[in-house]
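These notes concern the structure reproduced below.
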Number of protein chains: 2
Amino acid sequence: MIKRRKNSVPPPPPDCPLRKCMELLSGAWTPDIIWYLRDGERRFNELQTDLPGVSAKMLTTRLKRLERLGVILRSPKPTSPPTVWYGLTPLGLELVGALSVVVDIGHRLKQSHEGSFETRL
Amino acid sequence: MIKRRKNSVPPPPPDCPLRKCMELLSGAWTPDIIWYLRDGERRFNELQTDLPGVSAKMLTTRLKRLERLGVILRSPKPTSPPTVWYGLTPLGLELVGALSVVVDIGHRLKQSHEGSFETRL
DNA sequence: CTGTATCCTGTAGGATACTG
DNA sequence: CAGTATCCTACAGGATACAG
């Protein structure tokens, strides 16, 4: 007998490809990381300054997951001190295209609202 | 003098168009709502059954925000009992394209991992 | 049918200190 | 430099009851 506490997470819908796929971009800083890798590899430390406010904990958490998912590649270089470069896989690079579309639409919605866009988010 | 509590939200980065624009899709059920409106208008009640697990509270919250943002349109019909239809604006419809790209990439990542994709999310 | 209003809690993620 | 390990809390969002 499976017990469910009152406010536990609801059972996942039987089949929901969109939700599954959107989890690719879920989590704080995830789209940002992909975005800042769009022009080539970046080191851990560079990403930390690219994303002002990110904690080392979240940055490593998100980088690890994106690597597991096949979106980014981790390349440690045996320099001294050691450095680690992160870059997008081909599929990761395609995600940048989707993000660009959202950015474009966002800008156009903003214009159509004559500047009050941010306050409506 | 502005006081900041210890674990308060960090100050927003000076200029970050991606983050602003990605907020369009933020919040539970937001992409799902857009997705289920892609083929035409739906009533409040229909959306509730389209999205098993959504609470009325969140559904109205998300619908209101998407309306404010210009992504969807709310059309109450003076029937009895009253019904309300929701549909995508032209810009909202363009968001569906971006979601489709993510879904497509998700499927291909899944294949490249030979089925262990879900467990990696 | 289409929502509001409360109340409550799990969890994401920040702060901080520490390691190889 | 590139992370780990802990600890802690704000807040998103579910449950429930109610209203027009």
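Below, read A as the first sequence line, B as the second, and so on, with proteins coming before strands; counting in each chain starts at 1.
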Overall bend - the helix from C/dC1-D/dG20 to C/dG20-D/dC1, comparing terminal axes fitted on five pairs, nearest 10 degrees:
50°
Taking only nitrogen or oxygen atoms into account, show me every contact under 3.5 Å that the protein makes with nucleotides 4-6 of chain C, one pair per line with its distance.
{"from": "C/dT4", "atom 1": "OP1", "to": "B/K64", "atom 2": "NZ", "distance (Å)": "2.6"}
{"from": "C/dT4", "atom 1": "OP2", "to": "B/K64", "atom 2": "NZ", "distance (Å)": "3.2"}

In short, A/L88 meets A/I72 closest at the heavy-atom pair CD2-CG2, 3.9 Å
Return each pair, listed once, that meets salt bridge (charged side-chain N to carboxylate O under 4.0 Å, His left out) where at least one residue sits in residues 73-83 of chain A; pairs must be two or more places apart or across chains.
none
Among residues two or more places apart or on two chains, list those pairs meeting salt bridge (charged side-chain N to carboxylate O under 4.0 Å, His left out) that have a residue in residues 83-92 of chain B.
none
d(CD, A/E23; C1', C/dA12) in whole Å:
14 Å
Interatomic distance where CZ belongs to A/R65 and P belongs to C/dA12 [whole Å]:
10 Å
Roughly, in whole Å, what's the span from CG in A/D50 to C1' in D/dA2?
16 Å
Nucleotide D/dA12, atom C1' - distance to CG of B/L25 in whole Å:
17 Å
For B/R108, give me all partners under salt bridge (Lys or Arg N to Asp or Glu O under 4.0 Å), at least two apart in sequence or on another chain.
A/E94, B/D104
Looking at every heavy atom in both B/C21 and A/G106, which two are closest together, and how far apart are they?
SG-CA, 3.9 Å
Please confirm whether the shortest side-chain N or O distance from A/R62 to OP1 or OP2 of C/dG13 is below 4.0 Å.
yes
Of the listed C/dG14, C/dG13, D/dC1, the closest approach to the A/A28 side chain comes from C/dG13
Taking only residues at least two apart or on different chains, which pairs with a member in residues 46-60 of chain B satisfy salt bridge (charged side-chain N to carboxylate O under 4.0 Å, His left out)?
B/R42-B/E46, B/R42-B/D50
List for me each residue that meets side-chain hydrogen bond (donor to acceptor under 3.5 Å, both in side chains) alongside A/S80, sequence neighbours excluded, and say none if there are none.
none
May I ask you to test the A/Y36-B/L18 pair for a side-chain heavy-atom distance under 4.5 Å?
no
Looking at D/dG14, I'd like to know if its phosphate oxygens (OP1 or OP2) sit under 4.0 Å from a side-chain N or O belonging to B/W29.
yes
Expressed as a whole number of angstroms, how long is the span from A/L59:CG to C/dA12:P?
18 Å
Sorted by chain and number, sequence neighbours left out, salt bridge (Lys or Arg N to Asp or Glu O under 4.0 Å) with B/E41 holds for none
Could you check A/L63 against B/M58 and say which one's nearest nucleotide on DNA chain D is further toward the 5' end?
A/L63
Which residues share a side-chain hydrogen bond (donor to acceptor under 3.5 Å, both in side chains) with B/S55, sequence neighbours left out
none
For B/S75, check side-chain hydrogen bond (donor to acceptor under 3.5 Å, both in side chains) against everything at least two apart and list the hits.
none
Between C/dC1 and B/R43, is there an OP1 or OP2 to side-chain N/O distance shorter than 4.0 Å?
no
Quickly work out the B/R42 CZ to C/dC1 C1' distance and round it to whole Å.
15 Å
Let's see if you get this right: which residues in residues 73-83 of chain A place a heavy atom under 4.0 Å from DNA chain D?
A/R74, A/P81, A/P82, A/T83
Can you name the residues that form a side-chain hydrogen bond (donor to acceptor under 3.5 Å, both in side chains) with A/S26, not counting sequence neighbours?
A/R65
Rounded distance (Å) that lies between atom P of C/dT2 and atom CD of B/E41:
13 Å
